[in-house]
Protein chains: 4
Amino acid sequence: MAKPLNENDKSRQGWKQNPEAVKRDIIRVAMTEFAQNGLSGARVDRIAASMKTSKRMIYYYFGDKEGLYAQVLEYAYAKVREGEKKLSLDDLPPLEAIAKLVGFTFDHHRNNPDFLRMVMIENIHHADYLRRSEIIPKMNSAAVERLEKLIARGEADGVFRSGLDPLRLHWQISAFSVFNVANADTFGANFGSALFTAKGQAALRREVIETILAYVRKPREEETP
Amino acid sequence: MAKPLNENDKSRQGWKQNPEAVKRDIIRVAMTEFAQNGLSGARVDRIAASMKTSKRMIYYYFGDKEGLYAQVLEYAYAKVREGEKKLSLDDLPPLEAIAKLVGFTFDHHRNNPDFLRMVMIENIHHADYLRRSEIIPKMNSAAVERLEKLIARGEADGVFRSGLDPLRLHWQISAFSVFNVANADTFGANFGSALFTAKGQAALRREVIETILAYVRKPREEETP
Amino acid sequence: MAKPLNENDKSRQGWKQNPEAVKRDIIRVAMTEFAQNGLSGARVDRIAASMKTSKRMIYYYFGDKEGLYAQVLEYAYAKVREGEKKLSLDDLPPLEAIAKLVGFTFDHHRNNPDFLRMVMIENIHHADYLRRSEIIPKMNSAAVERLEKLIARGEADGVFRSGLDPLRLHWQISAFSVFNVANADTFGANFGSALFTAKGQAALRREVIETILAYVRKPREEETP
Amino acid sequence: MAKPLNENDKSRQGWKQNPEAVKRDIIRVAMTEFAQNGLSGARVDRIAASMKTSKRMIYYYFGDKEGLYAQVLEYAYAKVREGEKKLSLDDLPPLEAIAKLVGFTFDHHRNNPDFLRMVMIENIHHADYLRRSEIIPKMNSAAVERLEKLIARGEADGVFRSGLDPLRLHWQISAFSVFNVANADTFGANFGSALFTAKGQAALRREVIETILAYVRKPREEETP
DNA sequence: TATGAATGAGGCTTCATTCAT
DNA sequence: AATGAATGAAGCCTCATTCAT
């Protein structure tokens, strides 16, 4: 009742005295700025201009530009890893589970381009900030563990090629899904944008799934004892 | 501090009066700087400090920092595309040719990490500078055309799956080869560096080739009429 | 981060509701900060971080940083002048009293380096804050008055040179005792630290006493009528 | 002829392209600012406003504020030590030479208050910048060496007390001469300004000389064998 | 052609202080 | 009486770029 509903109105300062909301606001705005311009290209003033609070708060809560960047990176990972939890594969036959996983990853990365831009920027910085994070490493085990279980099921069922490595399989799926987004601009500029239309992406998605399936699937030779 | 008067007899002051040599020197040094730090992270002063000539020459020959960056980008593409010409596939059976092509691309990208960093940086900049180049687009057709011919051969020989799209196949091969280098730092930080040791890379290389082959190869069902 | 609820039973929140104790705590902490860093070099945040109470209290009790500085200065003078009261010279022969006074002053200043740093800082500020104090001027008469009496005794006893000026004599004693502490760092850096070891200080102390005595003592020529 | 005579006219930029002149100008202006306000109290913008060149040059030539401060400190020492060379004592009898030296030092420090303010500021900083200087230590030996020679002469002539230590004697002379300037403001505020009028200073000067002489002079007891 | 000197504009960050509860 | 949150003003410094010779 007392608090104004219009959060975007800077003069209605109902969001004040709510540190978590202020920090979230800063991170949200900063993520766009960093994702678009990189660490050195980002401008603190531009971030401040888009925030509900004053520039000073960036330093109050994050210390400096790099501190803010580090937090944005953690936030980006947390959000994307959170989204991955939605996927459940346990009640599907192994090959269908693989197909679903690849399709889901492909879509998930497409839907989070800013996350992938942060990842690219981190690679420019040799993953220095990621390595310093204490929480990001904890988020990463799930994907590979899920694949580990799935491979075990597929091998037990006799539908998977033997000797599959979960980490390398994860690498392959990531390669396709990341490259599709992270390198879209240069690939498009070099070879045309056909692959990046709705139709082109649908075809690519099908093909990527098919490629992984073709690799994972047990070849005929292995079938007979 | 003081420049030696007699670096070696042949080149002593010989690079002066030779604009092309001066430009090449600048570009070579600038490529390292841009590849390591990105466009906004690169420092004109650092480039100048590593050069044989003075900072003023950068502006004399390239106008400004962005002009230099654009030239470096073109140089990077030219060098890598030049290297790709060494590969000849025509005298190999189609499947072996594919295997060789994938392996070569994987290796070639590994051997040119600075080129891939420039590509990532271009993606951060939405490929704006690449798009403005007049020479880069001309260099790119070869790869896809070569695949086109190869696919035709493979289909004619009855060893390739039907309906393969050369552009999408190029995309897949690129995805693996680019991701391997461009995302090595974050992937390594997230999942360990096992895949990036000499042994890990060899296994990955084999697997990548096998994956593409598994996809390209005509499946058993298609064999019988 | 979180303050313990039970620091120790007696003082638990006991200093609250006790404005004088809070002010003393602030002044004590602030004196260290000002003495170490000067007025402009001191940081309100650092003072606050070392206090038992919050930063807001500084402004509540002292108005602003300069107000706090002024109070710290007064406190520093009060403490040192208080210490000087311990010295009684009345029951000693005049020359011995001088020797004791010089030695005491030398020691007293050595034992209160923060006071002397405040004095130096005040000199940097042209003694502006000292001049505005209402209580400091009242504390200073004692030293000169004591010397006045002592000189009278010494002259009456015929052991002192005639025409001694108490203010100038106080100035001489101060010069030695203050310089010894206030300029120890630069003197040591320029000429080595030999004079500032325990042994060096002892020798210096003896010499300083001897110098003042040599000056104060009635020369032989004056002895005979 | 071609160069404008009016160096103060900013629009006549004849001083340009003369790095040494520019650096000297900056140092001269900066010394006033640092001497008046200390290191943290000094404002780069204020220095810039008083200079003939732009603020940017401070960073071009001195790196940062601390770098400039360090250079100013060296300049202050160099200038004062240079001035001390003017004094020659060799053709005077030892006691007269001491009197002249003390009087000269007293005057010299009075005439260079900004130097002494720099020294005080250095003491606030624990002589950190002085210690890092590579040239200041080399300037300091002269004063003590001169005293060493003088003491040797005085002892040989039988007019000096035996066992005089040159370093400690230098310390005494410095104590008086430095204190007189460095602590003038607080001493004046505490005890009145009588000692700092022309007349007061003359009396003080005489007394300081007399005090040192009284100490140095061989006492009567020592005269007879 | 070539260079060391010079710079305006704008970047990041810190500071003492006040606000809202 | 007390506090954590918040801030405007101003500080130091860096950058790509141009000038003067």
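As the structure is a prediction and not an experimental result, all values here were calculated from the model. Proteins get letters first, then strands, A, B, ... in listed order; numbering begins at 1 in each.
- Residues passing the salt bridge (Lys or Arg N to Asp or Glu O under 4.0 Å) test with C:E74, sequence neighbours excluded: none.
- Nearest nucleotide to the side chain of C:R56, out of E:dC12, E:dT3, E:dT18: E:dT18.
- No donor-acceptor pair under 3.5 Å is formed between the side chain of D:R46 and the backbone N or O of D:E33.
- At a threshold of 4.5 Å between non-hydrogen side-chain atoms, the residues A:F62 and A:M57 do not count as touching.
- Distance CD1 (B:I58) to C1' (E:dG4): 15 Å, rounded to an integer number of Å.
- Atom NZ of B:K23 and atom P of E:dA2 are 13 Å apart (whole Å).
- Listed pair B:R43 / F:dA16 meets the phosphate criterion, a side-chain N or O lying under 4.0 Å from OP1 or OP2.
- At a cut-off of 3.5 Å, with distance as the only test, no side-chain donor of D:E122 or D:Y77 sits close to an acceptor on the other residue.
- For the pair A:R28 and A:D25, the salt-bridge criterion is met [side-chain N within less than 4.0 Å of a carboxylate O].
- At the heavy-atom level, B:A48 lies nowhere under 4.0 Å from the strands shown.
- Atom C1' of nucleotide F:dT14 and atom CG of B:N37 are separated by 15 Å, given to the nearest angstrom.
- Taking CG of C:L73 as the start and CG of C:D128 as the end, the distance is 11.0 Å to the nearest 0.5 Å.
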Legend entry - Intra- and inter-strand pairs of DNA chain F in dot-bracket (Watson-Crick or G-U wobble, both distances under 3.5 Å; | for another strand): .||||||||||||||||||||
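- Residues of residues 60-76 of chain A that place a heavy atom closer than 4.0 Å to DNA chain F, in numerical order, are A:Y60, A:Y61.
- Distance check, rounded to the nearest 0.5 Å: CG of B:L130 to CD1 of B:I121 gives 13.0 Å.
- A donor-acceptor contact shorter than 3.5 Å is absent between the side chain of C:R56 and the backbone of C:T53.
- Distance from the side chain of A:T53 is smallest to F:dA6 among F:dT3, E:dG8, F:dA6.
- Comparing E:dT17, F:dT17, E:dG11 by their nearest atom to the side chain of B:V44 picks out F:dT17.
- Both A:R46 and B:M57 lie close to DNA chain E; mapped to their nearest nucleotides by heavy-atom distance, the more 5′-ward contact belongs to B:M57.
- Of the listed nucleotides (E:dT3, E:dT18, F:dC13), F:dC13 has the atom at the smallest distance from the side chain of D:Y59.
- Here the rule is side-chain contact (heavy atoms from CB on, under 4.5 Å) with D:I58, and of D:V29, D:I26, D:D64 only D:I26 fits it.
- Between the base of F:dT17 and the side chain of B:K55 there is a donor-acceptor pair shorter than 3.5 Å.
- The distance between atom CG of C:D45 and atom P of F:dA6, rounded to the nearest whole Å, is 16 Å.
- As rounded to whole Å, 19 Å separates atom P of E:dT1 from atom NZ of B:K52.
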